[in-house]
S.K.: 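Quick one: the structure is below, questions incoming.
What's counted below: heavy atoms across the whole structure, side chains too, no hydrogens, waters or symmetry copies. Lettering of chains follows the sequences in order, A, B, ..., and the numbering in each one begins at 1.
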Amino acid sequence: MAELPDLTVFAQILTRKYKGEELDKVEVTVEKKLNVPVADLKSALKGQKLLNVIREGKTLQLHFSSDQIVGLHLMLRGELVELNNGKTPRFQVLAFHFKNGSGFSLIDLQKQATPTLQPKPAVAPDALNIDKSVFSALLAKKRTLIKTLLMDQKVIRGIGNSYSDEILYHAGVSPFSIPKAIPSKDVAKIYNSIRTVLEKAIHDIAGANGDKLTGELKDFMNIHSPQLKTTAKGEIIKTAKIGGRTTYYTDAQELFV
DNA sequence: GTAATTGTTCTAGC
DNA sequence: CGCTAGAACAATTA
């Protein structure tokens, strides 16, 4: 669920709510995914202030004073919940408690969510920053399906199963297309659709969520949804598995092989 | 009771 | 050897 637009909105809300707050304590409930010993995390963050929260690819980065950074990857089912009644949320992985009594928790029923102290900077370009010529060059040499390519975090960061379908539907290109075979006109369409689709989703989600951190992030999928049988234009929505992931598409999307 | 879900990592294969 | 495809992982809900 958590892809680039959701995470962007989470980062905005966390910054709004907790910017400037001083940490009281960090509570680690599930430590197996943490990249350092719990004691190291606690001592690194002791008494630090949260300066801001940004999105990096599919992760959030909490920037604290003294140059301390904590990366949070929500993986498949991670969620953020606001703490207010002192109760530990179910499935908690770790929690940030501030001195003013506020705080938030990272939860994940699968315990896959990954906190990282001082994450390494990633090299792959972000989906919202990638240069058009870099994008074209990338597609020109890849043989894997276009959908798989868009989801490859080592190539472009931020796009997952849901939004890859949305982007390709918007661009009118079949997810089964081979990147090398896609004409430059259509490569340009995909490139533009990445920005259009993601920015619209950020806008829609931010508007619907307001200051609410958690709960059902209302989604605005036009095609990637088991509930939808046809698109707004009336096209039949088909499904298939690509890389084990359910893919939603229509015959209106042009196939290049 | 079984299938589906989701992203990353590892492994096998071409 | 480089690239690509597919399985495994975890824990729950439908």
S.K.: Would you indicate, yes or no, if dT8(B) has its OP1 or OP2 atom less than 4.0 angstrom from a side-chain nitrogen or oxygen of H73(A)?
M.R.: yes
S.K.: Do the side chain of Q61(A) and the main chain of V53(A) share a donor and acceptor less than 3.5 angstrom apart?
M.R.: no
S.K.: Roughly how bent is the helix from dT2(B)-dA14(C) to dC14(B)-dG2(C) end to end, in steps of 10 degrees, with each end axis from five pairs?
M.R.: 50°
S.K.: Grab the NZ-C1' distance between K241(A) and dT5(B) for me, whole Å please.
M.R.: 8 Å
S.K.: Taking the side chain of L109(A) as its heavy atoms from C-beta onward, which of dT5(B), dT12(C), dT8(B) lies nearest to it?
M.R.: dT12(C)
S.K.: Please name the residue in the list I54(A), L60(A), I205(A), I202(A) that meets the side-chain contact (heavy atoms from CB on, under 4.5 Å) test with T8(A).
M.R.: I202(A)
S.K.: Determine, stepwise, if the pair V197(A) / I159(A) fulfils side-chain contact (heavy atoms from CB on, under 4.5 Å).
M.R.: CA-CA 11 Å; V197(A) 168; I159(A) 300 169; over 6 Å; no
S.K.: For R77(A) and dT6(B), give me the distance from atom CZ to atom P, rounded to whole Å.
M.R.: 8 Å
S.K.: Do L83(A) and L45(A) sit in one hydrophobic cluster, given that two such residues count as connected whenever their side-chain heavy atoms are within less than 4.5 Å of each other, even indirectly?
M.R.: no
S.K.: Nearest whole Å is fine: how far is dT6(B) P from D6(A) CG?
M.R.: 12 Å
S.K.: Rounded to the nearest 0.5 Å, how far does CG of L138(A) lie from CG of L150(A)?
M.R.: 9.5 Å
S.K.: Would you compute the distance between atom CG of L23(A) and atom CG of L62(A) and round it to the nearest 0.5 angstrom?
M.R.: 9.0 Å
S.K.: Among L106(A), L41(A), T116(A), V26(A), find the one that has a side-chain contact (heavy atoms from CB on, under 4.5 Å) with V70(A).
M.R.: L41(A)
S.K.: Determine whether I223(A) and L168(A) satisfy the following criterion, side-chain contact (heavy atoms from CB on, under 4.5 Å), listing intermediate values before the conclusion.
M.R.: CA-CA 10 Å; I223(A) 185 161; L168(A) 289 170; over 6 Å; no
S.K.: Knowing that exactly one of D165(A), T247(A), T239(A) qualifies, which makes a side-chain hydrogen bond (donor to acceptor under 3.5 Å, both in side chains) with H224(A)?
M.R.: D165(A)
S.K.: Send over the distance from Q112(A) CD to dT8(B) P, rounded to a whole Å.
M.R.: 11 Å
S.K.: Just by distance, no angles: are the side chains of H170(A) and S193(A) close enough, under 3.5 Å, to form a donor-acceptor pair?
M.R.: yes
S.K.: For the residue pair Y18(A) and F96(A), is the inter-centroid distance of their aromatic rings smaller than 6.0 Å?
M.R.: no
S.K.: For nucleotides 9-14 of chain B, give me one character per nucleotide, 5' to 3': B if any protein heavy atom sits under 4.0 Å from the base, S if the only such contacts are to the sugar-phosphate, - if neither.
M.R.: ------
S.K.: Rounded to the Å, how far apart are I107(A) CD1 and dT12(C) P?
M.R.: 12 Å
S.K.: Should T246(A) be listed as having a side-chain N or O under 4.0 Å from OP1 or OP2 of dT5(B)?
M.R.: yes
S.K.: I need the NE2-C1' distance between H224(A) and dG7(B), as an integer number of Å.
M.R.: 13 Å
S.K.: How about T250(A) and E235(A): does a side-chain donor come under 3.5 Å of a side-chain acceptor?
M.R.: no
S.K.: Please report, rounded to the nearest Å, how far the C1' atom of dT5(B) is from the OH atom of Y248(A).
M.R.: 10 Å
S.K.: Closest-nucleotide mapping onto DNA chain C: is K32(A) or R90(A) further toward the 5' terminus? I mean the 5' end.
M.R.: K32(A)
S.K.: Nearest whole Å is fine: how far is dT5(B) P from N161(A) CG?
M.R.: 9 Å
S.K.: What nitrogen or oxygen pairs link the protein and nucleotides 3-7 of chain C at under 3.5 Å?
M.R.:
residue : atom : partner : partner atom : Å
dT4(C)  : OP1  : R143(A) : N            : 3.0
dA5(C)  : OP2  : T144(A) : OG1          : 2.5

